[in-house]
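Shown next, in structure tokens, is the structure this report addresses.
Each ligand, and each atom within it, is numbered from 1 in the order the structure gives.
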Amino acid sequence: MRPQDAWAQTLREQGRALPPSGLGLEAPRFRHRLVERLRVDGCSDADVLAAIGEVPRHFFVDPALVGQAYEDTSLPIGLGQTISKPSVVARMLSLLRQRPDGARPLGRVLEIGTGCGYQAALLERLARQVYSVERLKPLFDKARDNLAEIRSDRLRLIYADGRFGHPPNAPYDGIIAAAGGEDIPAAWLDQLAPAGRLVAPCQVGGAGEQRLVVIDRLADGSLRRHEFEAVRFVPLQSGVNDSGVA
Ligand code: SAH
């Protein structure tokens with residue numbers, strides 16, 4: 001069964017509405033077009049592109065926004081949060097896979113900021129084991145529903161403050177954050193395995209500018225940091241929140 005068919009079947013079994021038809025049949029074509037655009041724009045990681053070509057992004061967004069699901073744009077997912085732009089997701093996943101010892105497939109990966117679960121679904125195809133942490137209970141619940149079909153031993157969703165990482169399953173080969181703070185929490189670095197790589201938005205300089213930051217833990221245990229392009233992610237916030245108001 002193709003992934004999008006499996007998703008559709010799960011939603012039907014749960015009695016949940018399928019995204020408006022119209023896009024339903026067209027979705028693979030739109031997804032293919034998005035993948036081609038990402039490729040032309042410079043993404044050369046075939047596995048990342050294949051994952052984006054498989055995961056039905058329109059199942060993760062609000063029904064009213066389904067028509068924009070395959071545009072290269074971020075979209076609101078509720079509580080002031082956003083699903084990231086596909087090109088930024090592709091860029092971060094490609095960076096994550098270019099670890100110092102990138103010859104090995106990604107083993108354990110920690111994602112901070114599950115949001116609607118879209119990137120977690122991509123990671124599930126790219127890593128042996130994914131742990132994804134979300135601090136807003138309604139989004140944690142939404143992601144659990146969205147990911148019901150692929151909920152498996154390979155993907156664990158955790159409701160917690162991701163600034164502390166997720167110590168029980170550390171260390172991680174990869175850590176990827178979808179929210180940016182003033183600095184990289186020490187817990188993330190502590191939980192990064194030798195030859196592991198962290199990719200996260202982070203403030204640099206004083207003016208609140210955010211950049212993609214990559215930190216490698218080298219085989220000798222030392223850390224090496226690189227800064228890449230400017231990005232704009234939602235803030236990394238403290239504590240968990242189940243009030244339904246962010
Ligand atoms: N990868 C997500 C993007 C979600 S936006 C997707 O594909 O949809 C970033 C998410 O990070 C938000 O849901 C926000 O609630 C969450 N977040 C912010 N600070 C956090 C923290 N300290 N711990 C866990 N999640 C956090």
Select one of side chain, backbone, both or neither to describe which atoms of C116 lie under 4.0 Å from any atom of ligand 1, heavy atoms only.
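It is both backbone and side chain that touch ligand 1.
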Which segment of D161 sits under 4.0 Å of ligand 1 when only heavy atoms are counted:
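Within the 4.0 Å criterion, D161 contacts ligand 1 through backbone and side-chain atoms alike.
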If you count every heavy atom of other residues, nucleotides or ligands that lies below 6.0 Å from E227 atom CD, does the total exceed 12?
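It does: E227 CD has more than 12 such atoms within range.
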Counting from 1, what ligand 1 atoms have a heavy atom of [X] closer than 4.0 Å?
{"X": "A179", "result": "11 (O), 18 (C)"}
{"X": "L139", "result": "13 (O)"}
{"X": "T82", "result": "3 (C), 4 (C), 5 (S)"}
{"X": "R163", "result": "22 (N)"}
{"X": "L236", "result": "19 (N), 20 (C), 21 (C), 22 (N)"}
{"X": "L136", "result": "15 (O)"}
{"X": "T114", "result": "1 (N), 2 (C), 6 (C), 8 (O)"}
{"X": "E111", "result": "1 (N)"}

N/O donor-acceptor pair under 3.5 Å between R225 side chain and I215 backbone
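Judged by distance alone, no pair lies under 3.5 Å.
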Do the rings of F60 and Y118 sit parallel, tilted or perpendicular, given the 30° and 60° boundaries?
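Taking Y118 first and then F60, their aromatic rings stand perpendicular (interplane angle over 60°).
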Which of the listed options, E134, Q119, H166, M92, holds the heavy atom that is closest to atom 16 (C) of ligand 1?
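Looking at heavy atoms only, E134 sits closest to atom 16 (C) of ligand 1.
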Which is closest to atom 9 (C) of ligand 1 in terms of heavy atoms, P138, A178, A246?
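The residue whose heavy atom sits nearest atom 9 (C) of ligand 1 is A178.
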Name the closest protein heavy atom to atom 14 (C) of ligand 1, giving the residue it belongs to and the distance to 0.1 Å.
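Answer, as residue, atom name and distance: Q81 OE1, 3.3 Å.
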Please list the nearest protein heavy atom to atom 25 (N) of ligand 1 with its residue and the distance rounded to 0.1 Å.
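Looking only at protein heavy atoms, the one closest to atom 25 (N) of ligand 1 is R135 N, 3.4 Å.
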With a 4.0 Å cut-off on heavy atoms, does P235 reach ligand 1?
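Checking ligand 1 against P235, which is what was asked, there is a heavy-atom contact under 4.0 Å.
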Run the contact test for V89 against ligand 1 with a 4.0 Å cut-off on heavy atoms, strictly below, and give the result.
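The answer is no: ligand 1 sits nowhere under 4.0 Å from a heavy atom of V89.
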Could you check if a side-chain atom of F233 sits within less than 4.5 angstrom of a side-chain atom of M92, using non-hydrogen atoms only?
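F233 reaches M92 side chain to side chain.
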